[in-house]
Amino acid sequence: MKILILNGVNLNLTGRREKGVYGSETLESINAEIAAYAKKRGAEVAFYQSNLEGELCTAIQNAEGAYDGIVLNAGAFTHYSYALRDAIAAVSVPVVEVHMSNVHAREEFRRQSVLTSVCRGEVLGFGKNSYILALESFLL
Ligand code: DQA
């Protein structure tokens with residue numbers, strides 16, 4: 001099982017921005033924990049982060065035939081990117097949407113995701129463990 005862990009805009013600042021919301025662990029250290037978990041569960045993971053919408057669309061397009069699933073935290077793109085939504089809809093590789101924070105307990109604009117309806121499912125509110133739980137959903 002090969003899973004792509006895909007992070008979008010501003011997620012590279014994890015551990016440095018809004019620590020009260022996203023915690024103080026960096027994306028690198030979270031990715032290392034995901035890699036260790038995946039190894040234990042016999043899964044293969046790859047990581048990619050971009051602040052650019054088009055690059056994330058390309059990563060999703062290129063995942064077709066290369067990965068069995070995508071764990072996607074699109075960051076703020078979640079709330080308005082029809083381009084990402086269409087990229088997810090265009091491929092057969094299943095995508096699980098992830099958020100570290102409970103987006104429903106925050107600002108109104110975060111309650112809407114334009115991605116969820118084309119994703120297999122969604123995991124949110126569990127901090128870095130949201131990624132682990134989303135990964136596990138592919139391994140059950
Ligand atoms: C986020 C939630 C989004 O609303 C926000 O724009 C992010 C991170 C999360 O992981 O909780 O950048 O996706």
Side-chain angles (χ1 to χ4, degrees):
M1 181 73 71
K2 280 179 77 174
I3 306 295
L4 176 63
I5 312 293
L6 187 56
N7 277 289
V9 62
N10 294 317
L11 273 307
N12 57 310
L13 297 181
T14 305
R16 284 180 281 153
R17 68 159 178 161
E18 299 184 79
K19 292 184 187 179
V21 179
Y22 303 117
S24 51
E25 262 191 68
T26 64
L27 188 62
E28 292 70 29
S29 122
I30 292 170
N31 284 349
E33 282 183 48
I34 297 169
Y37 184 86
K39 196 174 175 193
K40 267 197 296 190
R41 295 288 284 118
E44 205 179 308
V45 280
F47 300 92
Y48 183 67
Q49 186 276 330
S50 177
N51 290 320
L52 304 180
E53 189 180 22
E55 286 188 358
L56 295 166
C57 291
T58 301
I60 291 166
Q61 290 176 19
N62 291 344
E64 185 81 288
Y67 293 97
D68 301 300
I70 300 174
V71 170
L72 172 65
N73 186 349
F77 289 143
T78 303
H79 311 300
Y80 64 89
S81 175
Y82 297 122
L84 270 179
R85 185 232 176 260
D86 284 354
I88 296 167
V91 296
S92 63
V93 52
V95 177
V96 173
E97 179 181 340
V98 158
H99 301 287
M100 286 187 277
S101 64
N102 177 355
V103 285
H104 299 290
R106 300 180 64 195
E107 299 92 332
E108 185 68 40
F109 75 88
R110 293 188 206 275
R111 292 190 192 157
Q112 194 212 351
S113 166
V114 298
L115 309 182
T116 314
S117 63
V118 288
C119 287
R120 177 183 274 184
E122 184 184 20
V123 180
L124 60 92
F126 298 102
K128 64 183 180 183
N129 287 325
S130 291
Y131 292 99
I132 301 279
L133 292 167
L135 171 62
E136 185 59 36
S137 75
F138 287 107
L139 307 176
L140 292 170

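Just so it is clear, the structure is predicted and the values come from calculations on it, not from any experiment. Order of appearance sets the numbers: ligands from 1, and atoms from 1 within every ligand.
Side chains of Glu97 and Ser113: a donor-acceptor N/O pair is present below 3.5 angstrom, by distance only. A side-chain donor-acceptor contact under 3.5 Å links Tyr37 and Glu136. Donor-acceptor pairing under 3.5 Å is lacking for the side chains of Arg16 and Thr26.
Side chain of Asn51 to main chain of Asn10: a donor-acceptor pair is present (N/O by atom type, distance under 3.5 Å, no hydrogens or angles). In terms of modelled atom types and a separation under 3.5 Å, the side chain of Ser130 and the main chain of Val98 share no donor-acceptor contact. Judged by distance alone, the side chain of Ser81 and the main-chain N or O of Thr78 form no donor-acceptor pair under 3.5 Å.
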Below 3.5 Å only, please: the N or O atoms of ligand 1 paired with protein N or O atoms, distance on each line.
from     : atom 1 : to     : atom 2 : distance (Å)
ligand 1 : 4 (O)  : His79  : NE2    : 2.7
ligand 1 : 4 (O)  : Arg110 : NH1    : 2.8
ligand 1 : 6 (O)  : Ala76  : N      : 3.1
ligand 1 : 6 (O)  : Arg110 : NH1    : 3.1
ligand 1 : 10 (O) : Asn73  : ND2    : 2.9
ligand 1 : 10 (O) : Met100 : N      : 2.8
ligand 1 : 11 (O) : Met100 : N      : 3.2
ligand 1 : 11 (O) : Ser101 : N      : 2.9
ligand 1 : 11 (O) : Ser101 : OG     : 2.6
ligand 1 : 12 (O) : Arg17  : NH2    : 2.9
ligand 1 : 13 (O) : Asn73  : OD1    : 2.8
ligand 1 : 13 (O) : His99  : ND1    : 2.8

